[in-house]
Amino acid sequence: ESDVADIEVRSEITGKVWKIEVKPGERVEEDEPILILESMKMEIPVAAPKGGKLIKLLVAEEDPVEEDQVVAILEED
């Protein structure tokens, strides 16, 4: 029996999804970028707070994103 915790990945800024780096089902390491946001001509990575498997992306490329919006769900491993 596992105590699997889902981790919400939140955007720290308001911007637009520029590029998605990880697909659902793929593993990410802590601090690995899951997606890149574009804000005021800057590219800002949204990184995994912990290592795990990406189980759900809640945004697509070109989507607008608000500060503190949940953009992805990780399954901690």
Side-chain angles (χ1 to χ4, degrees):
E1 145 184 1
S2 67
D3 293 324
V4 174
D6 286 351
I7 304 158
E8 292 184 335
V9 182
R10 293 177 181 271
S11 170
E12 294 173 17
I13 58 150
T14 297
K16 184 175 82 173
V17 179
W18 181 67
K19 190 173 180 207
I20 290 174
E21 297 281 350
V22 182
K23 296 181 181 71
E26 293 181 342
R27 255 201 111 270
V28 288
E29 301 300 328
E30 184 172 349
D31 295 329
E32 184 180 334
I34 293 172
L35 50 90
I36 313 279
L37 297 177
E38 196 249 11
S39 180
M40 302 189 310
K41 303 283 180 250
M42 288 172 44
E43 291 168 22
I44 295 133
V46 176
K50 291 183 173 165
K53 185 167 82 174
L54 181 65
I55 51 175
K56 194 180 253 183
L57 265 175
L58 304 173
V59 292
E61 290 180 0
E62 299 293 317
D63 280 3
V65 175
E66 297 296 319
E67 185 178 347
D68 208 37
Q69 179 178 332
V70 178
V71 294
I73 307 287
L74 289 178
E75 185 179 83
E76 195 174 355
D77 59 10

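Since the model is a prediction, treat every value here as computed from it, not as a measurement.
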In this structure, would [X] and [Y] fall into the same cluster of hydrophobic residues linked by side-chain contacts under 4.5 Å?
X	Y	result
I34	I44	yes
V28	W18	no
V65	M40	no

- Yes or no on side chain to side chain contact (heavy atoms under 4.5 Å, CB included) for I55 and K53, after CA distance, side-chain angles and deciding distance? CA-CA 6 Å; I55 51 175; K53 185 167 82 174; 4.2 Å; yes
Does the S39 side chain pair with the main chain of T14, one donor and one acceptor, at a distance under 3.5 Å?
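Such a contact is found between S39 side chain and T14 backbone.
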L74 side chain reached by L54 side chain, heavy atoms, under 4.5 Å: yes
Taking the side chain as everything from C-beta on, heavy atoms only, tell me whether V17 gets closer than 4.5 Å to L37.
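Yes. Closest side-chain heavy atoms under 4.5 Å.
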Open item on the list: Is it true that, when you exclude E26 itself, more than 12 heavy atoms of the residues, nucleotides or ligands shown sit nearer than 6.0 Å to its CD?
Closed with: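 Counting other residues, nucleotides and ligands, CD of E26 exceeds 12 neighbours.
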Can you tell me how far apart CD (E67) and CD1 (I13) are? Round to the nearest 0.5 Å.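 Spacing of CD (E67) from CD1 (I13) equals 8.5 Å.
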Exercise for the section: First locate atom CD of E62, then atom CD of E38, and finally report the distance between them rounded to the nearest 0.5 Å. Expected result: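 The CD atom of E38 is 9.0 Å from CD of E62, to the nearest 0.5 Å.
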Compare every heavy atom of E8 with every heavy atom of P49, then report the nearest pair and how far apart it is.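 Closest approach of P49 to E8, heavy atoms only: CG-O, 4.5 Å.
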Smallest heavy-atom separation, P64 atom then Q69 atom, equals O-OE1, 4.2 Å
**Request:** Please determine which of L58, L57, V46 meets the side chain to side chain contact (heavy atoms under 4.5 Å, CB included) test together with V71.
**Result:**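 Answer after filtering L58, L57, V46: V46.
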Using side chain to side chain contact (heavy atoms under 4.5 Å, CB included), reason through D6 and K56 one step at a time and then give a plain yes or no. CA-CA 10 Å; D6 286 351; K56 194 180 253 183; over 6 Å; no
*asked:* Working note: E21 + L35, criterion side chain to side chain contact (heavy atoms under 4.5 Å, CB included); need CA distance, chi angles, decisive distance, verdict.
replied: CA-CA 5 Å; E21 297 281 350; L35 50 90; 5.6 Å; no
